Amino acid sequence: MAKREVDIVVISDVHLGTYGCHSKELLKYLKSIKPKTLILNGDIIDIWQFSKSYWPEAHMKVVRRILKFVTEGIPVYYLTGNHDEMLRKFADFNMGSFQLSNKIVLNIDGKKAWIFHGDVFDVTMQHSKWLAKLGAVGYDTLIILNSITNWLLTAIGREKMSFSQKVKARFKDAVKFINQFEQTAADLAVDKNYQYVICGHIHHAEIRKIESTEKNGSVVYLNSGDWVESLTALEYHNKQWKIFQYKPEDFIKDENDDDTTDAEDLNAKMDVKNLLEIFRQDKG
């Protein structure tokens, strides 16, 4: 199957190592594209909730697919988020075409793009990290219950539903938080004279022009969403941004697809699991 060429791909909030991660779907997406630049905008690996007892083969295959891009010389930027904040002490690490950073600024066809995860705007992260971690566990549990419910709904021919989206829609504070997050990002980007500001963190894919609070300019705000519920990514090609949303019918398995990357011995994943356990336990 021919791969789709894309200039820039941005994904975030994959949460590898958790039950809610849609790694199989993400793997199909990554196999379908040929990006010139790949940006992993935080919370790709969930070190907060990492457990050595849960690291499925499909999660390792996602890691291998990303490493394959690196070996092919494709620039891959890993920007840290709150769930993988342990990696921040290694910021500015470079290895070949791979770069680990907290944030980056890219020149995209003459326009400056400010790209970072966005947890810096989260008051809970700033002052009550234990509460944020507790909420992460609760969210993961909600996703598991949602998956079971959707399996039952599908079995009886009913439409799937999203618990968390219903919760967000029901509570005005959740909508208010998203709006404040987007406005804060836009205001800072305008002050810094950026044309794009690209975030993750809030699991809400978006592309829209936002005017600053001071009415002194505007910026295009983009959010890549997540691979837990919405299964979205940002794509830039032919000087245009769009939100990609995964749909199963677009990824019918090609029986003749011989992928040597997936056929590799995955026993080495234990090394990755041990490394993540070290990060999780390191409080320094």
Side-chain angles (χ1 to χ4, degrees), residues 6 8-18 20-23 25-26 29-30 33 35 37-49 62-63 66 76-88 91 99-106 108 113-126 129 132-133 135-136 139-140 143 162 164-165 168 174-175 177-186 188-189 194 196-208 210 219-236 241-246:
V6 189
I8 302 172
V9 170
V10 184
I11 62 174
S12 67
D13 300 275
V14 176
H15 294 277
L16 291 169
T18 67
C21 172
H22 283 263
S23 54
E25 290 83 353
L26 176 57
Y29 170 63
L30 293 175
I33 58 174
T37 299
L38 174 63
I39 300 171
L40 309 172
N41 199 8
D43 290 358
I44 303 303
I45 299 176
D46 197 322
I47 301 176
W48 271 11
Q49 299 184 75
V62 169
V63 174
I66 293 170
V76 175
Y77 297 91
Y78 191 121
L79 308 184
T80 57
N82 50 303
H83 285 252
D84 46 20
E85 64 181 350
M86 289 78 168
L87 300 177
R88 284 178 175 163
Q99 179 176 328
L100 176 66
S101 302
N102 295 327
K103 59 184 181 294
I104 56 171
V105 175
L106 294 183
I108 303 176
W114 187 29
I115 311 171
F116 58 100
H117 185 61
D119 56 292
V120 66
F121 300 144
D122 195 330
V123 175
T124 306
M125 278 298 305
Q126 296 294 322
K129 191 173 293 185
K133 290 184 177 182
Y139 179 72
D140 202 35
I143 294 299
S162 170
S164 71
Q165 288 179 7
K168 290 175 184 176
V175 177
F177 170 77
I178 291 174
N179 290 336
Q180 288 179 338
F181 178 98
E182 295 174 346
Q183 188 65 57
T184 300
L188 287 172
Y194 296 133
Y196 299 122
V197 57
I198 304 174
C199 300
H201 188 59
I202 58 174
H203 293 216
H204 180 74
E206 185 74 87
I207 299 177
R208 68 185 180 99
I210 301 179
V219 67
V220 176
Y221 164 84
L222 304 98
N223 196 295
S224 45
D226 68 279
W227 284 85
V228 176
E229 287 189 277
S230 58
L231 280 60
T232 54
L234 291 170
E235 295 184 349
Y236 182 80
W241 284 102
K242 73 171 186 177
I243 295 173
F244 169 87
Q245 182 158 34
Y246 178 90

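None of the values given here were measured: they were computed from a predicted structure.
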**Message:** Quick one, Leu231 and Phe244 - any side-chain contact, counting heavy atoms below 4.5 Å?
**Reply:** no
**Prompt:** Any side-chain heavy atom of Ile45 within less than 4.5 Å of one from Leu87?
**Reply:** no
**Request:** Say whether, by atom type as modelled, one donor and one acceptor occur between the side chain of Ser12 and the main chain of Gly225 under 3.5 angstrom.
**Result:** yes
**Item:** Closest non-hydrogen atom pair between Glu206 and Ile243, with its separation
**Value:** N-CD1, 3.6 Å
**Request:** Test side-chain contact (heavy atoms from CB on, under 4.5 Å) on Val219 and Trp114 and set out the steps.
**Result:** CA-CA 11 Å; Val219 67; Trp114 187 29; over 6 Å; no
**Message:** Using the side-chain hydrogen bond (donor to acceptor under 3.5 Å, both in side chains) criterion, which residues pair with Tyr196? Sequence neighbours excluded.
**Reply:** none
**Request:** Look at the rings of Tyr236 and Trp241 and say which category their plane angle falls in: under 30° parallel, 30 to 60° tilted, over 60° perpendicular.
**Result:** tilted
**Prompt:** Hey, are the side chains of His204 and Phe181 touching, using non-hydrogen atoms and a 4.5 Å cut-off?
**Reply:** no
**Item:** Minimum side-chain heavy-atom gap Ser101-Tyr78 below 4.5 Å
**Value:** no
**Prompt:** With Tyr77, which of Val10, Leu40, Leu106 fulfils side chain to side chain contact (heavy atoms under 4.5 Å, CB included)?
**Reply:** Leu106
**Check: Ile11 main-chain N/O paired with Asn41 side-chain donor or acceptor under 3.5 Å** = no
**Request:** Rounded to the nearest 0.5 Å, what's the gap from CD1 on Ile108 to CD1 on Ile8? Could you check?
**Result:** 3.5 Å
**Asked** Does a side-chain heavy-atom distance below 4.5 Å link Ser224 with Ile198?
**Response** no
**Message:** With rounding to the nearest 0.5 angstrom, report the OH to CD distance, Tyr246 to Glu25.
**Reply:** 5.0 Å
**Prompt:** Quick one: side-chain hydrogen bond (donor to acceptor under 3.5 Å, both in side chains) partners of Thr232, sequence neighbours excluded?
**Reply:** Ser230
**Request:** Determine yes or no for a side-chain-to-main-chain donor-acceptor pair under 3.5 angstrom, with Asp13 supplying the side chain and His201 the backbone.
**Result:** yes
**Prompt:** Do you know the tightest heavy-atom contact between Ile210 and Ala186?
**Reply:** CG2-CB, 3.6 Å
**Asked** Can you tell me if Asp84 uses its side chain to pair, donor with acceptor, with the backbone of Ile44 under 3.5 Å?
**Response** yes
**Message:** Using every non-hydrogen atom in the two residues, find where Thr18 and His15 come nearest and quote the distance to one decimal.
**Reply:** OG1-O, 2.7 Å
**Request:** Apply side-chain contact (heavy atoms from CB on, under 4.5 Å) to the pair Leu188 and Val197, showing each step before the final yes or no.
**Result:** CA-CA 9 Å; Leu188 287 172; Val197 57; over 6 Å; no
**Request:** Answer yes or no: is there a donor N or O on one side and an acceptor on the other, between the side chain of Asp43 and the main chain of Asn82, under 3.5 Å?
**Result:** yes
**Prompt:** Quick one: are Asn223 and Ile202 in side-chain contact, heavy atoms under 4.5 Å?
**Reply:** yes
**Prompt:** Within a strict 4.5 Å, meaning less than it, do heavy atoms of the Val9 and Leu234 side chains meet?
**Reply:** no
**Asked** For residues His83 and Asp46, is any side-chain donor paired with an opposing acceptor at under 3.5 Å?
**Response** yes
**Request:** Supply the atom-to-atom distance Glu229 CD to His22 NE2, rounded to the nearest 0.5 angstrom.
**Result:** 8.0 Å
